[in-house]
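Every chain is numbered from 1 and lettered A, B, ... according to where its sequence line falls, protein lines coming before strand lines.
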Amino acid sequence: MEEQFAVRLEKLKKLQQLGVAPYPYRFEVTRRFAEIIALYREQDAEALKQAAAAVRCAGRILAIRSMGKSVFMHLFDGEEKLQVYVRKDEVSELDFAVNDLLDIGDIIGVQGTIFKTRTGELSVLVKELTFLAKSFHPLPEKWHGLQDKEVRFRQRYLDMIVNPGAMEVFRKRSRLIQAVRRFFHERGYVEVETPMMHPIPGGASARPFVTHHNALDIDLFLRVAPELYLKRLLVGGMEKVFEINRNFRNEGISLMHNPEFTMIEFYELYRDFGDYMELSEQLLLALSAELLPDAILRWQDKEIPLAPPFPRLKYMDAISEKSGLPVEQLWDETALQAHIRGLFPGEPLPPTFGKMLELLFDHYVEKSLVAPTFVTYFPKAISPLSKVSRLDERETERFELYIAGMEIANGFSELNDPLEQRRRFEAQVQDREKGDDEAQRIDNGFLQALEHGMAPAAGEGIGIDRLVMLFTGAASIKDVILFPLLRPRE
RNA sequence: GGCCCCUUAGCUCAAUUGGCAGAGCAAUUGACUCUUAAUCAAUAGGUUGAUGGUUCGAUUCCAUCAGGGGUCACCA
């Protein structure tokens with residue numbers, strides 16, 4: 001460890017003695033490896049030899065196979081690998097001396113001509129070799145790659161260098177977010193950024209992180225959702241609006257939860273939750289067209305076709321069907337209590353009616369929703385920002401989209417009656433007093449905005465990380481977040 | 001936070017019942033001008049996550065701690 005560092009430092013000093021700049025400023029690259037492969041892969045060895053196409057390219061050394069006066073190396077440019085071939089009689093004496101001081105992990109640039117080896121591998125015959133950067137640490141082993149999850153997360157760069165799939169996941173993530181943006185821009189939505197630091201945390205049922213602003217001497221909360229700010233923009237007349245940004249929730253970490261995660265929230269005036277279920281289907285189709293060859297999600301051992309329209313299943317019906325309890329008993333708090341006592345003997349009852357329903361939903365329903373399914377008409381008690389259903393005043397026009405047993409999206413017809421909204425907030429305050437510390441708080445600024453009049457609107461939030469999991473097959477949210485939260489070392 | 005599992009060379013992994021801690025890759029030295037997990041010869045590399053205990057003797061058994069993973073809870 002210390003020893004390998006020292007050896008490599010010594011090599012860097014020798015390079016300097018040869019007059020080589022240890023940290024040069026730039027290198028002209030004419031082609032990425034992917035371009036070189038695309039351009040020349042199909043040509044036969046003889047044609048390539050005749051053409052002797054000149055390229056300049058650069059990458060990190062992943063493997064060195066030296067036969068003394070003839071050296072093969074594999075370079076990696078973050079995307080593709082390419083073999084380069086250094087022959088003593090093809091390069092200057094200095095370049096060959098430099099070549100002799102290279103280690104796996106170093107970064108070099110080469111100028112040379114394209115050819116194919118005897119075994120048919122596309123390669124660059126090096127004419128000039130430029131040292132670009134030294135690596136003082138050995139790379140993880142080439143054959144097994146880097147297995148240690150902790151190192152992969154803490155030193156993500158190593159994961160990206162030696163595990164080809166890692167880089168691919170984050171490229172896909174980038175393409176997915178780009179496709180989401182395009183989808184909404186094409187439909188005339190305006191992208192905005194609203195505060196990450198909130199005086200009152202709101203828009204979702206979750207425990208917030210607290211921080212402090214010194215000059216104002218006030219506590220602030222990292223946002224749990226942008227919802228209440230985006231709806232202020234609806235009041236202001238922004239007809240179609242979306243935001244892609246981070247939310248922060250001071251909660252547990254699991255395969256599906258990271259304390260900071262990326263959400264898109266979008267809103268449109270004059271629409272309702274039915275419109276937004278359809279829009280969600282269109283969005284998933286658009287992402288599928290962009291990222292999947294055949295409109296089938298492959299997640300873990302499951303194959304999940306994305307074929308709208310997705311079934312709609314009422315929240316209470318879903319619990320009833322799986323639990324065997326008649327729907328009317330689910331509305332009866334006493335009956336609920338009895339059922340939960342039977343299900344989890346000895347455990348404390350959830351503090352509120354809403355929490356009991358959520359417990360049963362999570363227990364009976366959530367994991368079973370593998371094929372894309374809209375769960376609809378959530379009870380009013382757990383939906384403080386949604387409009388009451390036109391069909392049953394105990395329910396709201398709210399839906400959640402489930403895929404692979406994961407909640408992916410949450411949308412509703414937005415409650416725009418300020419008097420009703422105030423009553424809902426007050427009910428939340430009562431829940432908080434009963435012991436539900438994720439219950440929402442009264443946001444008077446938001447209520448004041450509603451009092452100025454907000455047109456009917458639909459709104460929805462989609463967890464981007466979980467979408468990326470679905471589209472990349474990742475089992476853990478940590479696999480799709482570059483630097484997931486871990487306990488700091490030392 | 002509860003329970004279970006893991007932590008051995010830079011990396012991937014071994015080590016019989018508690019009996020001198022090993023291999024492959026990487027590294028070092030040497031040979032080799034079409035190799036590709038290059039090959040061949042030699043060399044070096046360790047406070048077995050930390051601390052304490054049991055024992056003649058601990059990588060192995062016990063306790064505590066640290067980090068990670070899994071699971072349940074919390075959580076949308």
Looking at the rings of A:Y276 and A:F266, which for Trp means the six-membered one, are their centres under 6.0 Å apart?
yes
Checking A:F399, A:F412, A:F273 against A:Y377 for ring pair (Phe, Tyr, Trp, His ring centres under 6.0 Å), the one that qualifies is A:F273
All heavy atoms of A:E407 vs all of A:E366, minimum pair found to be N-OE2, 4.2 Å
By nearest-nucleotide position on RNA chain B, the 5'-leaning member of A:S66 and A:K116 is A:K116
The reported gap from CZ in A:F76 to CZ in A:F33 (rounded to nearest 0.5 angstrom) is 9.5 Å
By the Watson-Crick or G-U definition, both distances under 3.5 Å, B:C65 is matched with B:G49
Heavy atoms only, 4.0 Å cut-off, all strands: where does A:S254 land among base, sugar-phosphate and nothing?
nothing
*Provide the distance between the two P atoms, one in B:C3 and one in B:A63, to the nearest whole Å.*
13 Å
Over all strands shown, is A:A206 touching base, sugar-phosphate only, or nothing at heavy-atom distances under 4.0 angstrom?
sugar-phosphate
Pairing partner of B:U39, by Watson-Crick or G-U wobble and under 3.5 Å for both distances, is B:A31
_Between A:F153 and A:F483, is the ring centroid distance below 6.0 Å?_
no
Looking for any heavy atom pair under 4.0 Å, which part of the strands does A:E407 touch: base, sugar-phosphate only, or nothing? base
If pairing means Watson-Crick or G-U wobble with both distances under 3.5 Å, then the partner of B:G22 is B:C13
A:L343 atom CG is separated from B:C72 atom C1', nearest whole Å, by 14 Å
Scanning all shown strands, the Watson-Crick or wobble mate of B:A73 with both distances under 3.5 Å is none
In whole angstroms, the gap separating P of B:U33 from CG of A:D100 amounts to 13 Å
RNA chain B nearest-nucleotide lookup for A:Y315 and A:F115: closer to the 5′ end is A:F115
From NZ of A:K355 across to P of B:A73 the rounded distance in Å is 13 Å
Item to complete: Would you state whether a donor and an acceptor, one from the side chain of A:H144 and one from the base of B:C11, lie under 3.5 Å apart?
Response: no
- Query: A:R65 side chain N/O closer than 4.0 Å to the phosphate oxygens (OP1, OP2) of B:A38?
  - Reply: yes
Checklist entry - When we call it a touch if two heavy atoms are under 4.0 Å apart, what does A:G145 touch: a base, just sugar-phosphate, or nothing? => result sugar-phosphate
To the nearest angstrom, the CG-C1' distance between A:L255 and B:A73 comes to 15 Å
Partner of A:F242 under ring pair (Phe, Tyr, Trp, His ring centres under 6.0 Å), picked from A:Y267, A:F183, A:F184, is A:F184
Review point. Would one find a side-chain N or O of A:K149 under 4.0 angstrom from OP1 or OP2 of B:G67?
Key: no
Whole-Å distance, A:K69 NZ to B:U35 P, equals 16 Å
How is A:E90 classified with respect to the nucleic acid when contacts are heavy atoms under 4.0 Å: base, sugar-phosphate, or nothing?
nothing
Taken to the nearest whole Å, CZ/A:R487 to C1'/B:C65 is 12 Å
Check your understanding: When all nucleic acid strands are considered with a 4.0 Å heavy-atom cut-off, which category describes A:K81: base, sugar-phosphate, or nothing?
Key -> nothing
Check your understanding: Does B:C74 have OP1 or OP2 sitting under 4.0 Å from an N or O in the side chain of A:R249?
Key -> no
Heavy-atom donor-acceptor pair, A:Q4 side-chain to B:U28 base, under 3.5 Å: no
Distance criterion of 3.5 Å, no angle test: do you see the side chain of A:E150 paired donor-to-acceptor with the base of B:G69? no
Which of B:U35, B:C74, B:U33 is nearest the side chain of A:D89? It is B:U33
From CD1 of A:I64 across to C1' of B:U33 the rounded distance in Å is 17 Å
Check your understanding: With a non-hydrogen cut-off below 4.0 angstrom, is A:E438 in contact with a base, only sugar-phosphate, or nothing?
Key -> sugar-phosphate
Side chains of A:E121 and A:H74, donor plus acceptor under 3.5 Å
yes
Notebook entry, point to check: Is A:R152 touching bases, backbone alone, or none of the nucleic acid, heavy atoms closer than 4.0 Å?
Noted result: nothing
